[in-house]
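As structure tokens, the structure follows; a few thoughts come after it.
Note that the coordinates shown come from a computational prediction; the quantities given were computed from them, not determined experimentally.
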Amino acid sequence: MTKLNAGHIIAALQEEGSIANRLPSYEPRQSQLDLLDLIIRAFNEDALCMAEAGTGVGKSFAYLLPAMHFALANKEKVVISTATITLQQQLYEKDIPLVASAIGEKVKAVLMKGRGNYLCLRRLEDVLNEPPLVDDEYDEVKKINEWAQKNTTGCKSDLSFLPSDFVWSSICSESDLCLGIHCPYKEQCFILALRKTAQSADIIVVNHHLLFADLAARYQGAGYENSVVLPPFNRLIIDEAHTIENAATSFFSAEFGRTGIVKQLGKLYHRRRGNNRGLLIRLISLLPSSADPLDEMADAIEKIRTRAEELDNCALEICGMDGLFRLSPAADESFLKKNLFPYFKSLNKEIKKLTNMIRDLTENFDEEQANDPCVYEIKTIIKRLEGITEICEVFCKYKKHEDDILWMEKHRSSNNSNNWAVFTRTPLDLAPILKDSVFAPNKTVVCVSATLALNDDFSFWASNCGIDSLPKRKVLSGCFPSPFPYSSAVLLAAPKDAPLPDENGYQEFVDKAATDLASVAGGSALVLFTSYQSLTSAFAAAKNELNAQGIRCLKQGDDDRTRLLQDFLSDTKSCLFATDSFWEGVDAPGDTLRLVIICRLPFRTPGDPVFEARREAVQKRGGNPFMELSLPQAVMKFKQGFGRLMRRSADRGVVAVLDGRLLKKTYGQLFLQALPSTKTSFDNFNNNINDVENFLY
């Protein structure tokens with residue numbers, strides 16, 4: 001291995017360095033240089049690395065420089081994973097070209113998104129030949145076909161319009177529907193072309209979703225020396241690393257619901273405008289003319305639909321008003337055996353009847369028949385349906401699956417008229433899986449985020465991700481503070497007279513306080529909640545009064561997240577009331593955001609099935625669930641919410657916390673210690689308001 005020359009690389013980010021000279025008004029940041037030095041060590045020493053880098057440190061340059069130098073010097077690929085496609089695009093289109101030009105060498109970088117972002121030419125041809133779509137949808141497909149003749153990437157983001165979800169899902173690439181070398185379009189395949197390009201790349205930019213699609217397949221048996229979703233690699237940088245638990249959970253979990261079953265059955269067979277449609281019609285054309293089992297299979301499909309609906313109705317009733325039900329050790333097993341498990345068993349039985357029927361029809365096919373695309377797709381759907389039967393069986397034997405969390409949850413349609421239940425199986429402990437899939441197989445793994453440590457201690461995150469159970473691996477870590485002037489640019493306000501959340505009058509206090517604070521700030525406010533019910537109350541209390549002052553009120557749930565955020569960013573006198581997903585990922589610099597209101601400390605609400613199961617596991621081994629799980633998670637999320645305010649060094653504003661526990665409970669100090677040093681207003685609310693007004697104006 002050719003080791004990196006730390007002095008040479010660090011010089012690029014110092015004054016008059018090759019990157020500094022390419023950026024206007026560049027100022028060296030010591031925290032960025034220190035982070036860069038740590039990452040260089042991680043590459044040189046084959047180490048695992050945890051780095052907390054505050055907003056404004058410039059972490060992308062700090063990891064791109066060593067990644068590119070290492071890839072070029074050692075002819076090794078470096079995979080960089082980000083939390084979102086937006087961050088991928090920024091790295092690929094802006095940061096990587098700038099760093100490459102500073103290095104002065106040609107760096108081959110490739111941007112890879114999940115398969116669902118790319119067009120499948122074979123599926124497109126199927127839809128064109130047998131359009132099961134209405135006229136508007138078919139017009140979309142024809143437009144996409146014209147675009148595909150000229151486009152070289154096949155990526156949905158390159159389209160000049162946004163296709164409907166139904167159309168795109170009918171023609172996009174899906175891993176288990178891919179025919180690989182048997183596909184008639186393999187020479188023109190966008191995915192194969194992208195993978196071929198990636199084979200010779202120095203830097204591969206992915207998102208966490210795609211990364212875990214690759215890692216999950218390798219962990220489950222595909223191996224680490226072969227090309228799977230990505231080419232083989234053993235140098236990895238994970239940006240926004242605090243989100244990898246959620247990304248991993250989705251890939252190591254399994255779920256199904258009635259709507260998904262109906263969708264798979266519809267691909268096999270459905271009637272539209274009096275005509276028989278679906279893969280089974282094409283399958284029957286491959287059979288001897290004397291064989292026509294369509295009626296029998298259609299009847300089997302209808303029985304599965306009926307059983308799925310019966311199970312769904314039963315689950316929704318059990319979920320009740322809470323919308324959740326976990327099969328925990330405390331669950332009433334006799335009730336479940338009588339009222340739920342029979343429906344799982346009935347669905348299981350009918351699915352197996354259909355899959356056996358189809359297998360009997362195809363087992364004697366010759367090679368040409370077996371390689372027909374419709375047969376391949378049917379076999380894929382059978383595998384998906386069999387995955388559902390496996391979940392059914394696990395639910396019925398839930399007491400034997402202590403390492404799994406099993407629960408049912410009500411999902412609500414947009415008009416609340418067609419709710420359905422989703423049945424989910426999730427690993428209780430992700431740490432061993434993350435250890436074996438991410439950290440153990442790779443020589444260098446660099447994890448970077450603005451929130452990984454609690455008061456400079458990485459123990460909580462390291463334990464959750466399994467890094468601490470690799471005693472023979474070198475693990476480097478460091479905290480690199482933001483260079484932003486928090487001590488002069490931010491006021492942290494917390495009312496001494498705020499009620500505790502479990503006291504009478506708390507919600508009324510929040511409703512009035514949020515309105516008064518947003519009014520004083522003239523909008524430009526993000527109001528963060530931990531429950532939608534509390535949000536709805538505060539929004540209703542504030543809307544008329546703030547609107548009368550020319551402040552536009554926006555509420556999560558009234559539009560999709562992207563449009564809501566765009567509306568907020570485009571109007572400096574707006575106020576956005578939001579919950580969970582807006583505690584991070586909101587980048588609103590300047591006058592767009594001058595006030596962040598945290599209504600309640602972000603402890604996970606009781607009833608979250610995964611959280612509750614993990615709390616019980618901590619308690620069962622004699623630990624303290626509050627200190628070991630609830631409190632660290634809440635402090636991490638609190639830091640994320642606080643971090644929404646300062647996005648640029650010139651930003652200035654107020655963070656107000658309306659939860660009385662911050663000042664009245666001893667553990668409130670842990671939340672305060674997790675923040676950078678700021679100006680403070682810890683006084684009665686009326687004095688807070690005066691302090692906020694004086695600070696802002």
Side-chain angles (χ1 to χ4, degrees), residues 23-32 52-59 450-451 480-495 513-528 542 546 549-554 565-578 582-599 638-658 662 671-683 685-697:
L23 294 171
S25 307
Y26 181 82
E27 291 182 8
R29 284 159 279 185
Q30 189 58 47
S31 52
Q32 185 184 45
E52 179 171 284
T55 309
V57 165
K59 54 185 166 56
T451 51
F480 306 93
S482 168
F484 291 169
Y486 286 95
S487 59
S488 60
V490 175
L491 173 70
L492 177 65
T515 303
D516 292 350
L517 286 164
S519 174
V520 165
S524 306
L526 175 64
V527 193
L528 295 173
L546 294 180
Q549 299 174 37
I551 298 170
R552 183 185 180 193
C553 290
L554 303 167
L565 198 51
Q566 285 173 345
D567 287 347
F568 177 62
L569 295 175
S570 65
D571 185 353
T572 57
K573 284 184 70 66
S574 63
C575 181
L576 175 57
F577 293 70
F582 285 83
W583 283 73
E584 57 183 284
V586 175
D587 192 9
D591 288 340
T592 309
L593 181 59
R594 297 189 302 153
L595 170 65
V596 173
I597 303 173
I598 296 176
C599 295
F638 183 72
K639 289 170 67 177
Q640 287 286 339
F642 176 89
R644 296 314 93 213
L645 183 69
M646 288 279 288
R647 308 307 299 171
R648 305 290 184 274
S649 60
D651 288 352
R652 191 169 182 278
V654 174
V655 176
V657 184
L658 304 181
L662 185 69
F671 288 89
L672 294 172
Q673 290 165 9
L675 303 180
S677 177
T678 67
K679 290 183 178 296
T680 58
S681 171
F682 297 160
D683 207 334
F685 182 70
N686 289 336
N687 292 331
N688 289 153
I689 283 286
N690 292 332
D691 291 343
V692 168
E693 187 170 17
N694 290 334
F695 182 82
L696 289 176
Y697 301 107

Item to check | Contact summary for Ser519 and Gln549, nearest pair of heavy atoms | outcome: OG-OE1, 2.7 Å

Checklist entry - For Lys679, does the NZ atom sit with more than 12 other heavy atoms under 6.0 Å from it, leaving out its own atoms? => result no

Checklist entry - Taking the side chain as C-beta and beyond, is there a heavy-atom pair between Ile598 and Leu658 under 4.5 Å? => result no

Next on the checklist: Any heavy-atom pair between the side chains of Leu492 and Leu672 that's under 4.5 Å?
Outcome noted: yes

Checklist entry - Judged by atom type as modelled, is there a donor-acceptor pair below 3.5 Å linking the side chain of Ser574 to the main-chain atoms of Phe568? => result yes

Checklist outcome for this item: When rounded to the nearest 0.5 Å, the distance separating CG of Leu593 from CG of Leu569 is 9.0 Å

Next on the checklist: side chain to side chain contact (heavy atoms under 4.5 Å, CB included) for Phe638 and Leu675? Distances and angles first, verdict last.
Outcome noted: CA-CA 9 Å; Phe638 183 72; Leu675 303 180; 3.6 Å; yes

Residues 689-696, side-chain donor-acceptor partners within the protein, below 3.5 Å, at least two apart:
residue, atom, partner, partner atom, Å
Asn690, ND2, Asn686, O, 3.4
Asp691, OD2, Ser681, OG, 2.6
Asn694, ND2, Asn690, O, 3.2

Checklist outcome for this item: Cys599 and Val527 have their tightest heavy-atom pair at SG-CG1, 3.6 Å

Checklist entry - Got Leu528 and Val596 here, is their nearest side-chain heavy-atom distance under 4.5 Å? => result yes

Show me, pair by pair, the donor-acceptor contacts under 3.5 angstrom made by side chains of residues 639-648, not counting sequence neighbours?
residue, atom, partner, partner atom, Å
Lys639, NZ, Glu52, OE1, 3.0
Lys639, NZ, Glu52, OE2, 3.2
Lys639, NZ, Ala453, O, 2.8
Gln640, OE1, Arg644, NH2, 3.4
Gln640, NE2, His242, NE2, 3.1
Gln640, NE2, Thr451, OG1, 2.4
Arg644, NE, Trp583, O, 3.2
Arg644, NE, Gln640, O, 2.9
Arg644, NH1, Val586, O, 3.0
Arg644, NH2, Gln640, O, 3.4
Arg647, NE, Asp587, OD1, 3.1
Arg647, NH1, Gly643, O, 2.8
Arg648, NH1, Asp587, OD1, 3.4

Next on the checklist: If I take atom CG from residue Leu565 and atom CG from residue Leu576, how far apart are they, to the nearest 0.5 angstrom?
Outcome noted: 7.5 Å

Distance-only donor-acceptor pairs under 3.5 Å for side chains of residues 480-490, two or more places apart:
residue, atom, partner, partner atom, Å
Ser482, OG, Thr55, O, 2.5
Ser482, OG, Phe484, N, 3.1
Ser488, OG, Pro485, O, 3.4

Next on the checklist: Do Phe682 and Asn687 make a side-chain contact, defined as non-hydrogen atoms from C-beta onward lying under 4.5 Å apart?
Outcome noted: no

Next on the checklist: Quick check for you: to the nearest 0.5 Å, what is the distance between Arg594 atom CZ and Leu526 atom CG?
Outcome noted: 14.5 Å

Item to check | Partners passing side-chain hydrogen bond (donor to acceptor under 3.5 Å, both in side chains) against Gln566 (at least two apart in sequence or in another chain) | outcome: none

Item to check | Set of side chain to side chain contact (heavy atoms under 4.5 Å, CB included) partners for Thr515, sequence neighbours left out | outcome: Ala542, Glu545, Leu546

Item to check | Shortest non-hydrogen contact between Ala494 and Leu662, atoms and distance | outcome: CB-CD2, 3.9 Å

Next on the checklist: Applying salt bridge (charged side-chain N to carboxylate O under 4.0 Å, His left out), can you list everything that pairs with Asp683, at least two apart in sequence or on another chain?
Outcome noted: none

Item to check | SG-CG distance between Cys575 and Leu595, expressed to the nearest 0.5 angstrom | outcome: 7.5 Å

Item to check | Any donor-acceptor N/O pair, Ser524 side chain to Thr572 backbone, under 3.5 Å | outcome: yes

